[in-house]
Amino acid sequence: MKKATATMKKSGSSQEKDGDSPSRLIDARIEELSDWRGKTLARVRTLIRQAEPDVVEEWKWRGVPVWERAGIICTGETYKSVVKLTFAKGASLEDPSGLFNSSLDGNTRRAIDFHEGDEIDEQALTALIRGAVALNTSKRAAARPADSRKKPSSV
C-alpha cells in the first residue's frame, strides 16, 4: 500500500505567487490606498523601522503587513475608516500614554485604531514597539536553556 504524502505551503508565507517581497507588497498597499490611510500606514511603518532596525517585514493572512523580531511585534490592517495596529502581546506591554484603544477585552492582543485626522504620539508608539521587541526577545532567551551551548570536550 502506497502512503499518500502532501507538501503543505507554509501558512503565512512571506511571498505571494508573483514572488514580490513582503516589503514591496507593503509598498504597493500604501500606494494603492492613496489617502490618509496610506499615509498613516506609511508613517507607522517608518516608526517601526526606526524603533527596531532589525525588524522583519512579512505579508501574511492574504494581505496583512506584519512586523516581526523574535516573534510578531504588530500587524497593520487597513479598513474603510481606520488603520489598525494590533500588537500580538499588547496586553503584556506597559502603555502609560494610553495608546491602546481597541481589542481591550482580550487576554493577549491590544490594538490602536487610527482614524482620519488623528495625530500619532510618535514617542509613545516608539516605546510600545521597543517594549514589544524586548518582550519577544526576553521570552525567546528565557525559553533557551542556559547551558544549551556546546562546551568543548577536554582530552
Side-chain angles (χ1 to χ4, degrees), residues 6-144 148:
T7 304
M8 292 182 65
K9 183 179 177 185
K10 183 181 171 189
S11 176
S13 173
S14 297
Q15 296 188 350
E16 295 293 301
K17 291 177 188 173
D18 60 6
D20 279 342
S21 73
S23 292
R24 285 188 190 191
L25 292 166
I26 296 169
D27 290 340
R29 169 65 49 83
I30 289 167
E31 211 172 295
E32 104 188 0
L33 289 168
S34 72
D35 61 8
W36 70 270
R37 296 171 302 160
K39 289 177 183 158
T40 301
L41 186 59
R43 186 65 195 138
V44 297
R45 179 191 198 191
T46 297
L47 291 170
I48 291 165
R49 289 168 145 183
Q50 288 173 347
E52 179 48 57
D54 292 329
V55 71
V56 175
E57 293 188 317
E58 294 289 344
W59 186 257
K60 296 185 179 188
W61 309 296
R62 296 185 185 149
V64 177
V66 178
W67 291 277
E68 298 182 351
R69 170 82 202 286
I72 294 176
I73 299 168
C74 62
T75 64
E77 298 169 274
T78 52
Y79 299 97
K80 193 173 192 175
S81 62
V82 70
V83 172
K84 181 181 285 289
L85 207 59
T86 303
F87 285 75
K89 297 174 185 147
S92 299
L93 298 175
E94 291 194 26
D95 180 23
S97 298
L99 290 184
F100 291 130
N101 60 11
S102 183
S103 303
L104 301 176
D105 295 334
N107 291 330
T108 307
R109 296 177 302 137
R110 292 287 182 271
I112 305 167
D113 285 352
F114 296 102
H115 297 88
E116 187 171 10
D118 284 352
E119 291 210 18
I120 299 172
D121 183 338
E122 295 183 1
Q123 188 174 6
L125 183 56
T126 297
L128 277 179
I129 294 160
R130 289 182 176 151
V133 170
L135 181 63
N136 285 354
T137 55
S138 71
K139 286 193 175 200
R140 180 162 287 182
R144 219 178 4 216
S148 66

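Note that the coordinates shown come from a computational prediction; the quantities given were computed from them, not determined experimentally. What you see below is based on every heavy atom in this structure, not just the backbone, and it leaves out hydrogens, waters and symmetry mates.
Of the candidates I120, T126, L125, D121, D121 is the only one forming a side chain to side chain contact (heavy atoms under 4.5 Å, CB included) with Q123. A side chain to side chain contact (heavy atoms under 4.5 Å, CB included) with D27 holds for exactly one of E32, R45, E57; it is R45.
At a threshold of 4.5 Å between non-hydrogen side-chain atoms, the residues D20 and W59 do not count as touching. Taking the side chain as every heavy atom from C-beta outward, L104 and R110 approach each other to under 4.5 Å. No side-chain heavy atom of E68 sits under 4.5 Å from any side-chain heavy atom of P22. Residues L41 and R29 have side chains in contact (heavy-atom distance under 4.5 Å, counting atoms from C-beta outward). Side-chain contact between I112 and V44 is absent, with no heavy atoms from C-beta onward closer than 4.5 Å.
Residue T75 holds its OG1 atom at 6.5 Å from CH2 of W61, rounded to the nearest 0.5 Å. To the nearest 0.5 angstrom, S81 atom OG is 5.5 Å from H115 atom NE2. The OH atom of Y79 lies 14.0 Å from the CZ atom of F114; values are rounded to the nearest 0.5 Å. In this structure, OG on S23 lies 9.0 Å from CD on E58, to the nearest 0.5 angstrom. Summarising the geometry, atom CZ belonging to R49 is positioned 11.5 Å from atom CG belonging to L47; distances are rounded to the nearest 0.5 Å. With values rounded to the nearest 0.5 angstrom, K84 atom NZ is found 12.0 Å from T78 atom OG1.
Put simply, the side chain of R130 gets close to the backbone of A51: a donor and an acceptor are under 3.5 Å apart. Using a distance-only test at 3.5 Å, with no hydrogens or angles considered, a donor-acceptor pair links the side chain of D95 to the main chain of F100. Not one N or O on the side chain of D113 forms a donor-acceptor pair closer than 3.5 Å with the backbone of V82.
When all heavy atoms of V64 and G76 are compared, the pair lying nearest together is CG1-N, 4.4 Å. Residue A88 comes nearest to T108 through the heavy atom pair O-CG2, 3.1 Å, listed as atom of the first residue, atom of the second, then distance. A111 and T86 get closest at one heavy-atom pair: CB-OG1, 3.7 Å. L128 and E94 make their closest contact through CD2-O, 3.4 Å (heavy atoms, listed as atom of the first residue, atom of the second, distance). Contact detail for T137 and A70: the closest heavy-atom pair is CG2-CB, 3.8 Å. Nearest heavy atom pair, residue W36 against residue K80, reads CZ2-O, 4.3 Å.
The number of heavy atoms from other shown groups lying within 6.0 Å of CG (D105) does not exceed 12. Heavy atoms from other residues, nucleotides or ligands lying under 6.0 Å from CZ of R24 number 12 at most.
For D35, the side-chain hydrogen bond (donor to acceptor under 3.5 Å, both in side chains) criterion is met by R37, not counting sequence neighbours.
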